[in-house]
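Note sheet for the following structure.
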Amino acid sequence: AYYASFLLPGILNQTTAFLPDASAPVFVSKPHFLDAPPWLSWLVEMDTPANRSLHDTWIEIEPTTGLALESVFRLQYNFHVPRDPAVPTLATLLPDLVPWFWVETHRVAPAATPDALGTVFLLTLLVRLGALTVGALALLLAASGLCVIHLSRLPLPVEEIAS
């Protein structure tokens with residue numbers, strides 16, 4: 001069967017990513033269908049409703065260096081189970097997308113000493129200053145080259161031609 005890449009907003013088809021023969025349609029979403037259409041979570045009986053602080057993915061980035069300080073990554077795996085009138089359990093199945101399980105990974109950067117962070121900040125600053133210096137030198141060289149070219153095209157004064 002063919003399944004679209006995006007079944008609904010907030011749900012991504014990963015069938016061929018997990019199973020190249022596409023024998024079991026797998027769809028991923030945020031846990032408890034967070035950020036998916038609200039009616040989808042209403043159709044599936046869940047112990048707790050979707051809660052952004054409990055079910056969303058996030059990352060905290062240090063603004064100066066761009067280092068990831070802490071992150072939480074959460075995904076829910078769902079299967080597409082078609083309704084089948086011949087099977088009583090599947091005949092009344094709502095919706096066709098059934099949650100299977102969800103996973104969470106929580107990563108925290110190793111505690112860095114102030115000296116280590118200072119070193120990273122200093123290196124970042126030196127790289128930025130180095131790039132700025134190289135850019136300024138390149139601009140100065142280009143301007144000098146243009147001046148030399150312009151001056152070489154100017155006509156010589158009459159006195160210099162006579163001598």
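Sequence positions, counted from 1, serve as the residue numbers for this chain. Note that these values count all heavy atoms, side chains included, but never hydrogens, waters or copies made by symmetry. Keep in mind it's a predicted model, so treat the numbers as computed, not measured.
Smallest separation of non-hydrogen atoms from Ile149 and Ser152: O-OG, 2.8 Å. The nearest pair of heavy atoms linking Ala109 to Ala68 is CB-O, 3.6 Å.
At a cut-off of 3.5 Å, with distance as the only test, a side-chain donor of Glu70 or His106 sits close to an acceptor on the other residue.
Side-chain contacts under 4.5 Å among hydrophobic residues (ILVMFWY), followed directly or transitively, place Leu146 with no other residue at all.
There is a path of hydrophobic side-chain contacts, each under 4.5 Å, that joins Val28 to Phe79. Taken together through direct or relayed side-chain contacts under 4.5 Å among Ile, Leu, Val, Met, Phe, Trp and Tyr, Leu34 and Ile59 form parts of separate hydrophobic clusters. Both Tyr77 and Phe73 are part of a single hydrophobic cluster, where members link through side-chain heavy atoms under 4.5 Å apart. Both Leu12 and Trp100 belong to a common hydrophobic cluster when Ile, Leu, Val, Met, Phe, Trp and Tyr are linked at side-chain heavy-atom distances under 4.5 angstrom.
Counting heavy atoms from C-beta on, the side chains of Glu104 and Val72 come closer than 4.5 Å. You'll find the side chain of Ile11 reaches within 4.5 Å of the side chain of Phe33, heavy atoms only. Between Trp102 and Ser29 the shortest side-chain heavy-atom distance does not fall below 4.5 Å.
Sequence neighbours left out, the pairs with a member in residues 48-59 that pass salt bridge (charged side-chain N to carboxylate O under 4.0 Å, His left out) are Lys30-Asp56, Asp35-Arg52, Arg52-Asp56.
Checked by atom type and distance alone, the side chain of Asn13 never pairs as donor or acceptor with a backbone atom of Phe27 at under 3.5 Å.
Between His32 atom NE2 and His55 atom NE2 the span is 3.5 Å, to the nearest 0.5 Å. The CZ atom of Phe101 sits 9.5 Å away from atom CG of Leu75, with the distance rounded to the nearest 0.5 Å.
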May I have the list of side-chain donor-acceptor pairs in residues 123-138 shorter than 3.5 Å, sequence neighbours left out?
from, atom 1, to, atom 2, distance (Å)
Thr124, OG1, Val120, O, 2.8
Thr133, OG1, Leu129, O, 2.8

